[in-house]
Amino acid sequence: MSDSFDVVVIGAGPAGYPAAIRAGQNKLKVACIDEWKNRDGKYAYGGTCLNAGCIPSKALLESSELYHRAETEFAAHGIKVGSLGFDLAAMQKRKAGIVRASTTGITGLFKAAGVTALQGHGRLLRAGVVEYTAADGSKRELQAKHVVLATGSVPTALKSAPFDGARIIDSWGALELDAVPKRLGVIGAGVIGLELGSVWRRLGSEVTILEALPEFLPMADQQVAKEALKHFKKLGMDIRLGARVSGAKAAGDAVSVNYTDDKGEQTLTVDRLVVAIGRRPFTQDLLAADSGVRVDERGFIEVDEQCRTGVDNVWAVGDVVRGPMLAHKGKEEGVMVADLIADHFAEVNYKTVPSVIYTAPEIAWVGQTEQEVAKSGREYKIGSFPFMASGRARAMEAPAGFVKIVAAKDSDEILGVHIIGPMAGELIAEAVLAMEYSASTEDLQRTIHAHPTLSEALHEAALAADKKAIDFPNR
Ligand code: FAD
Ligand code: AMP
C-alpha cells in the first residue's frame, strides 16, 4: 500500500466515516483510521454512535417501549395477552445484531467508495503527516494533503463517583446490563439520562434521576419540558431536580449516592448507578506537541464555521469540535469538509440542526424556543395543536403532546418548531426543511398534508398561528 493520500481521516464515527466516503465519491485518494474496539476486543467502525450510542440505545428503547405498550395499551385496543414477559438476553442479542449489521455495513461502504480502511491509532505529527500505529504496534508515517480529525467524545466522569464498570457505570455500561437492576440511579437528566432511565423503568427498575439544575430540560421549549416531566413522572421515574451529587461509592452489592438539595444532605441507595453528566471531546494522544492545532479550555479542537483548524489543510469535525454533540451534526460537517477539499461549494446551516429525545412521548425541536425568541425582543406569534385533536394520534392510542410553532409576527417566518408526541423525531424533518427554505407559517398552511396522518398536526399548528385551525378551537 502506498503511504500517500489526498485525505486521511482520523476517526470513523458518524462524522469521520461520511467524510471519508464523500472524499472517495469526490475521486480523492482517502484513508480512514479508527481504533474503536468493542467488548469482544474486536475492531468496529461507526464510533460511539453505532457501537455504544444512537443505535444500541434506539434498539433497546424500541424493545422496552413495545413491552411497555403491551402492558399498558393493548387492553385499550381490545387485545388480550396471556402472561406477558420478556427475555432480556434475547433483547440484548437483537440489539447486538443491529449494531453488528450497522458497523459491518461501513466496511462495505468504504469498499464501494474506494476508502482505505485502517484499524489502529492515528496521530497528527504536523500538517500533511499522520502517524498510523497498527494493531501489532508497528508505526508508519502517512503523507496526507488534507487531514480530517474526527475523534469524537467520551463520557464525562464524576471524580467523586468514578466508574468501576460494575456498579457505577457509563452510558455504554447501561446499554449492556444483563439483568434489570431493582433500583437504578441516574446522575443527569439530560438526553442520555432520560433515554436510558426510560429503557430500564419500562423493564421494571425503580429509576431515580438526580439532576443538579433546578429546571427540567433547560435547552428545550419550557412548555414542552413541562409536558415531558408530567409524562416521565407518570411512567414512574422519580426525577429529583436541584439535586447535586457530591459523591457515590459501591458498598457491597449496592451503591450509596450522596447529594445535596434544598433540604440539605441526602443519601440514595441503588443497585446500579449510571453517570450521565455529559460527554467531553476526545483528543488523547492525537496531536503531536508541535502540530499547531489549538484546543480550547474545555478540550474542544478550535475550528471556524467551515471546520478549518487554522493549520494548513487540517480540519476537525463532529463531537471533538464546538456545537451540539449529535451524530447528524457531525455527519453534515464531515461531508462539508470533504466537499470543500474537492473545491465544491458546501456549508452547514447550524440554525437548523434538529434535536430529538427518543422517549415516550418523543420530543423534537428545531430553531429557537419561545423563551429565546421572547428574550431576543422580537415580536412573535404562536400556533399550537394538541395530538388529542388528531384522528391518527387517537387511532394510535397516542394522544399525548402537541406541536408548537413560533413565528415572527412581522414576516411570518418560522423561527422554531417544538413537538412532543408520537413520532416527533420523524415529524420534525418537515419543520427542518421548512426552516432551511426560510418558510413562513403561510407556506406550511398552503402545503397539503395527507389525512389522517400525524403530520396534519404540524399543518394545523401553522394554521393556528393565524387563528385558522380547522380541527381545534382557535384561541
Ligand atoms: P464518535 O462517534 O465518538 O467517533 C469517534 C471515533 O474515533 C471512535 O471510533 C474512536 O474510537 C475513534 N478515535 C478516537 N481517537 C482516535 C485516534 N487517535 N485514532 C484512531 N481512531 C480514533 N446522537 C444523535 O444524533 N442521536 C442519538 O439518538 C444519539 N444517541 C446517543 C445515545 C448515547 C447513549 C450516546 C452516548 C450518544 C448518543 N448520541 C446521539 C451522540 C452521538 O453518538 C455522537 O454525537 C456521535 O457519535 C459523534 O460522532 P463523532 O464521529 O464525532 O465521534
Ligand atoms: P447532558 O449534558 O445533556 O448530557 O446532560 C447532563 C446533565 O447532568 C446536565 O443536565 C447537568 O446539569 C447534570 N449534572 C452534571 N453534574 C451533575 C451532578 N454532580 N449532579 C447531578 N447532576 C449533574
Side-chain angles (χ1 to χ4, degrees), residues 1-24 26 28-37 43 45-48 110 115-154 279-323 325 329-331 333-342:
M1 184 193 81
S2 146
D3 283 351
S4 198
F5 295 90
D6 294 318
V7 185
V8 170
V9 182
I10 306 180
Y17 86 76
I21 288 174
R22 177 54 60 87
N26 287 338
L28 297 167
K29 190 174 170 213
V30 54
C32 186
I33 309 173
D34 193 273
E35 67 182 3
W36 185 281
K37 276 188 187 164
Y43 284 107
Y45 295 116
T48 305
F110 275 169
V115 176
T116 301
L118 299 173
Q119 286 164 328
H121 186 78
R123 184 160 174 262
L124 179 74
L125 295 184
R126 55 190 174 278
V129 186
V130 170
E131 179 186 73
Y132 164 55
T133 308
D136 62 4
S138 62
K139 291 185 192 297
R140 271 183 11 226
E141 281 192 11
L142 309 180
Q143 310 302 313
K145 286 185 196 147
H146 291 263
V147 178
V148 183
L149 307 172
T151 50
S153 63
V154 289
R279 298 180 60 82
R280 61 177 175 82
F282 184 71
T283 54
Q284 197 178 303
D285 200 24
L286 173 68
L287 306 167
D290 52 358
S291 73
V293 172
R294 284 192 310 272
V295 171
D296 71 15
E297 69 286 350
R298 291 162 62 213
F300 290 97
I301 294 178
E302 288 184 13
V303 287
D304 65 11
E305 282 269 300
Q306 292 186 313
C307 295
R308 293 174 206 273
T309 63
V311 174
D312 265 356
N313 297 339
V314 178
W315 314 71
V317 295
D319 279 12
V320 81
V321 304
R322 82 286 174 267
M325 287 186 167
K329 172 263 192 187
K331 180 180 187 183
E333 289 179 335
V335 167
M336 168 181 75
V337 163
D339 279 342
L340 290 172
I341 289 172

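Values reported hereafter were calculated over all heavy atoms of this structure, with side chains retained and with hydrogens, waters and symmetry mates removed. Bear in mind that the values here come from a model prediction, so they are computed numbers and not experimental data.
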**Q.** Under 3.5 Å donor-acceptor, His121 side chain and Asp285 backbone
**A.** yes
Q. Got a salt bridge between Lys145 and Asp6, using NZ or NE/NH1/NH2 to carboxylate O under 4.0 Å?
A. yes
Q: State, yes or no, whether a side-chain contact exists between Arg123 and Ser291 at a heavy-atom distance under 4.5 Å.
A: no
Q) Any salt bridge between Glu131 and Arg126, counting N to O under 4.0 Å? A) no
Q: Taking the side chain as every heavy atom from C-beta outward, state whether Tyr45 and Gln119 have any pair of such atoms under 4.5 Å apart.
A: yes
Q) Sub-3.5 Å donor-acceptor pair from the side chain of Thr151 to the main-chain atoms of Phe282, do we have one? A) yes
Q. Can you name the nearest heavy-atom pair linking Gly120 to Ile33, along with the distance?
A. O-CG2, 3.3 Å
Q. Any chance NZ of Lys329 has more than 12 other-residue heavy atoms, nucleotides or ligands included, within less than 6.0 Å?
A. yes
Q) Atom CD1 in Ile341, atom NE2 in His146: separation rounded to 0.5 Å? A) 5.0 Å
**Q.** Flag side-chain contact, heavy atom, 4.5 Å: Ile301 against Val293
**A.** yes
Q) Taking all non-hydrogen atoms of both residues, which atom of Leu28 and which atom of Ala338 are closest, and how far apart? A) CD1-O, 4.5 Å
Q: Look at the side chain of Arg22 and the backbone N and O of Tyr17, then say whether any donor-acceptor pair between them is shorter than 3.5 Å.
A: no
Q: Would you name the heavy atoms of Val317 and Gly334 that are closest together and state the gap between them?
A: CG1-N, 4.0 Å
Q | Test item: Thr48 and Arg279 side chains (from C-beta on) under 4.5 Å apart, heavy atoms | A | yes
(Q) If I take atom CG from residue Asp319 and atom CE from residue Met325, how far apart are they, to the nearest 0.5 angstrom? (A) 4.5 Å
Q. Which heavy atom in Pro18 sits nearest to a heavy atom in Val335, and how many Å separate them?
A. CB-CG2, 4.0 Å
Q: Give the minimum heavy-atom separation between Val147 and Leu149, together with the two atoms involved.
A: CG1-CD2, 3.9 Å
Q.
Are the side chains of Arg322 and Val303 in contact, using a 4.5 Å heavy-atom criterion?
A. yes
Q: For the pair Asp34 (side chain) and Gly47 (backbone), establish whether a donor and an acceptor sit closer than 3.5 Å, ignoring hydrogens and angles.
A: no
Q. So how far is it from Leu118 CG to Thr133 OG1, rounded to the nearest 0.5 Å?
A. 11.5 Å
Q. Are Leu124 and Val314 close enough that some pair of their side-chain heavy atoms sits under 4.5 Å apart?
A. yes
Q. Mind checking whether Val129 and Gln143 have side chains closer than 4.5 Å, heavy atoms only?
A. yes
Q. Ignoring hydrogens and geometry, is there a side-chain-to-backbone donor-acceptor pair from Glu333 to Gly318 under 3.5 Å?
A. yes
Q: Please report the closest heavy-atom contact between Val337 and Gln306, naming both atoms and the distance.
A: CG2-O, 3.9 Å
Q | Side-chain donor or acceptor of Arg308 paired with backbone N/O of Trp315 under 3.5 Å | A | no
**Q.** Worked verdict on Met336 versus Cys307 for side-chain contact (heavy atoms from CB on, under 4.5 Å)
**A.** CA-CA 9 Å; Met336 168 181 75; Cys307 295; 3.7 Å; yes
Q) Step by step, would you call Val295 with Leu287 a side-chain contact (heavy atoms from CB on, under 4.5 Å)? A) CA-CA 10 Å; Val295 171; Leu287 306 167; 3.8 Å; yes
Q.
For Leu142, is there any backbone N or O sitting under 3.5 Å from a side-chain donor or acceptor partner on Asp3?
A. no
Q: Evaluate the side-chain proximity of Ile10 to Val130: yes if any heavy-atom separation is below 4.5 Å, no if none is.
A: yes
